[in-house]
Participant: 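Submitted below is the structure of interest, expressed as structure tokens.
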Amino acid sequence: METRAPGRLQAILDTFAMFPDPADRTNLLLDYAGRFRTVPPEVATRPYAREHLVPHCESEAYVWALEQPDGTLKFYFAVENPSGVSAKALAAILDQALSGLKPAEIANISPDIVEQIFRQNISMGKGMGLMSMVQAIRSLAKAAQ
Amino acid sequence: MGLMSDIRSRGYAQPDVLVSTDWVAEHLSDPDIRVVESNEDVLLYPSGHIPGSVQVDWTADLNDPVQRDYITRRGFEALMSRIGATPKTKIVFYGDKNNWWACYAFWVFQLFGHKNASVMDGGRLKWEKEGRPMTREVLTCPATKYRAPERKDGPVRAFQKQVRAHVQAKGQLVDVRSPEEYAGTRMHMPDYPNEGALRGGHIPGAKSIPWARAINPEDGTFKPASELADLYIKTNRLKKDRPTIAYCRIGERSSHTWFALKYLLGFKNVKNYDGSWTEWGNTVGVPIEK
């Protein structure tokens, strides 16, 4: 039995699981991609520092984790490939699901969530790139612990 | 005719294989034309596409779902029926990444002899940069009957056995991957994951000519024939009349080079080795150069 993800992430996974129709899942993913917001200039400006680049993501995604006064993390993303719709969708999901949690709650998120979210909307190469975004989030959370 | 003059003026061997964004815009409601988008990211088409276009996905539509191979004749017939194409329909491919995936789809269509096909020069990038219309509306095509011939790999596809013989005969090989992959210092494309080759390097005798050098990066269009000839023939000393095999990692980038060599420069016998490095770099006992 898989361990359950933290509350909001599990709710999102459950929502995706409710839609067996690929078209519905695609629309849900596009809805998230539409909610994507690039990292604000007060957090980072171009050219973004390479240490924030997600390795192996061909959409040139960047991620930042800012510690908040209450000990939680707030995540920010940039996706430099304008065609990187999947990366934007995942970034929006990760922000909604994980920003506001404490590092310990984030550090063990499974990269398998990518498969649960994208299912048929993914190729092997792209899947590995998106999993790298989750790995990057985990690493930032572990570093903040 | 005026719309085609730019492409025609570039000196290509077969200019009809490319159409301009202007031409596509003029033919959006032409029932004899089907515009097909092929991308790496499956979400890109549903996020917005050329009105009236359909999506053909390389993983779901072109690959056999079980074994490493392409769809069969029946699979191709079902695909063509789904996209509402008949053997007379002109298929116009376009996509992201400088038409890399569009050329790959074009190449697979040639395995079934659908020769009435073109690529939209500049692809999605140029269409978007020109501010042309995009829609999320997905066209539902009335199913057609399409009788395809059996897949004929011979003319455009190379298998490992042929590549080995080609190496022994010192035939022309083009490695279109990045210079780092060619040198064996990197096992995968920059910024892409490693998709599993156990050895790095290149096939002995292969010339390193990264695929994107055939493209004008600002708008994704193909360079004119004179510049392509400089690159492939003058600088890298490839000869048009000698059999040539292109390869990359899984055969997608090399289908772009295959397209440029065969149709734009008029190389007489070019094949795409789709097994490419993920097959060669994992095979026991094949020669590798670093």
Participant: Hey, are the side chains of A:L30 and B:P46 touching, using non-hydrogen atoms and a 4.5 Å cut-off?
Facilitator: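 Sidechains of B:P46 and A:L30: in contact.
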Participant: Using 0.5 Å steps for rounding, measure from the CD atom of B:E40 to the OG atom of A:S86.
Facilitator: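 Here the rounded value is 9.0 Å.
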Participant: State the CG-CG distance between B:D96 and A:N81, to the nearest 0.5 angstrom.
Facilitator: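 Going from the CG atom of B:D96 to the CG atom of A:N81 covers 7.5 Å.
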Participant: Do you know which two heavy atoms are closest between B:D41 and A:V85, and how far apart they sit?
Facilitator: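 Heavy atoms only, the tightest pair is OD2-N, 3.4 Å.
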Participant: Compare all side-chain heavy atoms of A:F118 with those of B:L43 and state whether any distance is below 4.5 angstrom.
Facilitator: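 Contact flag for A:F118/B:L43 side chains = yes.
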Participant: Tell me, yes or no, whether the heavy-atom count around B:E218 atom CD, taken from other residues, nucleotides or ligands under 6.0 Å, exceeds 12.
Facilitator: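 Enclosed.
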